[in-house]
Amino acid sequence: MLKSGVYTQLSPVLFGNGTLQQVGKKAKELGMNKVLLVTDKKISEIGYAEKVANIIREEDVQVVIWDGVETDCPDYTVTAAAAIGREKAVDGIVGLGGGSTLDSAKAIAAVIPNGDEVLQEIVLYLTGQKNYAVKPITMLLIPTTSGTGSESTFVSVISSEIMQCKIGLPCPPDYAIVDPELTVGCPAFITAFTGMDAFSHANEALTEGKNTPHSDLLAYEAIRLITKWLPIAVKDINNAEARENLALASNFAGIAFNESGVHMGHSTAHALGHMYHISHGICCALVTPAIIEFAAKTYPEKMKKIGEIMGVTFSSEEPEAIGKAVGNAVRKLCKEIQIPSFREQGFTKEQILAAKPMIYKEPLCMSFGGTITEQDVVTTLETLYDGYQ
Ligand SMILES: [Fe+2]
């Protein structure tokens, strides 16, 4: 019997090469008169921010550029940008950049009209105990990397100084423009780890409790596209066909995990990212084979299907053997695109195991569609360290 569930897509996505040219028209259609263009220094320095601002200005929409985004979206940057947004009386947010930028843009849109205290009460908003007094400002998001899927997801993942952890603030975007041309030439190592972030979204969406046949469909297709095109894009960063397919995969994975969810893999990535400031995509790449081995015990058929998509041939139908075979296929992919192991990055096994208290019983971790024991978390941490050298 097929699993029942709700099919959702938060907001429209305008996809395709050259669609960036429509940003001004779309901003106007969304009712924006004065936009805060949220981006980072690198995007600003290569002239992208000014280019996008000019396209928007052609539609008689004013633009204020704020390029103070920092990696992992620290809450103090959100507060700083929101103060500028309030002072300039903006009525729209355009986010242009990678995951940290899009997450920052989403949070800024919620904090401008509702005040900085939102950031002290993220848990209340996340658990539905509190709703915004004022609807977040209209936001349009434009990814420049293929990984996060944040343009189509409900939450903004923030590094909270107050709570000393990474946590999700609900702020659904209103519109996304996914123009693959923006990702052409993205450096190989960023392409590699952002691509594996998208892979991990698809993988975890398949086994999170809210998975549906619809989210499964998008997740499997994202895995197929990433397996085929990620090594090509890493070898040839200017390959336009690879970029198009990865941009689509990243967005599909985003829609899939927004409808379903992510679980222990992302809980682990958030914990390790927070403790040791390791990039999110690298954590996701390294944890994914271990998650597949863990999930195969509950979902052997789904993990087998991932393997079939990746070209794995199976010599046993035992869940453990399926998990191992598919986990190894993902490790092979990670090696091919040169994801460094935790050992290579200088971390000890003890440092990795020290993340356990931040993972076990954490709500995101426990949203797996099955049982998770304390030993499962320990085994996953051991496997992600020892299994990939
Ligand atoms: Fe992620």
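Index from 1, following the sequence. In listed order, ligands and their atoms are each counted from 1.
At a cut-off of 3.5 Å, with distance as the only test, a side-chain donor of N211 or K302 sits close to an acceptor on the other residue. Under the 3.5 Å distance criterion, with hydrogens and angles disregarded, a donor-acceptor pair is assigned to the side chains of K106 and T153.
Scanning for side-chain hydrogen bond (donor to acceptor under 3.5 Å, both in side chains) contacts around T268 gives an empty result, with sequence neighbours left out. Take F314 and apply the ring pair (Phe, Tyr, Trp, His ring centres under 6.0 Å) test, not counting sequence neighbours, and it matches no residue. A search for side-chain hydrogen bond (donor to acceptor under 3.5 Å, both in side chains) contacts involving D386 returns K349, not counting sequence neighbours.
Note on the Fe ion (ligand 1): protein N/O/S atoms under 2.8 Å are D197 OD1, H201 NE2, H266 NE2, H280 NE2.
Within 6.0 Å of atom NZ in K361, 12 or fewer heavy atoms from other residues, nucleotides or ligands are found, so the atom counts as exposed in its surroundings.
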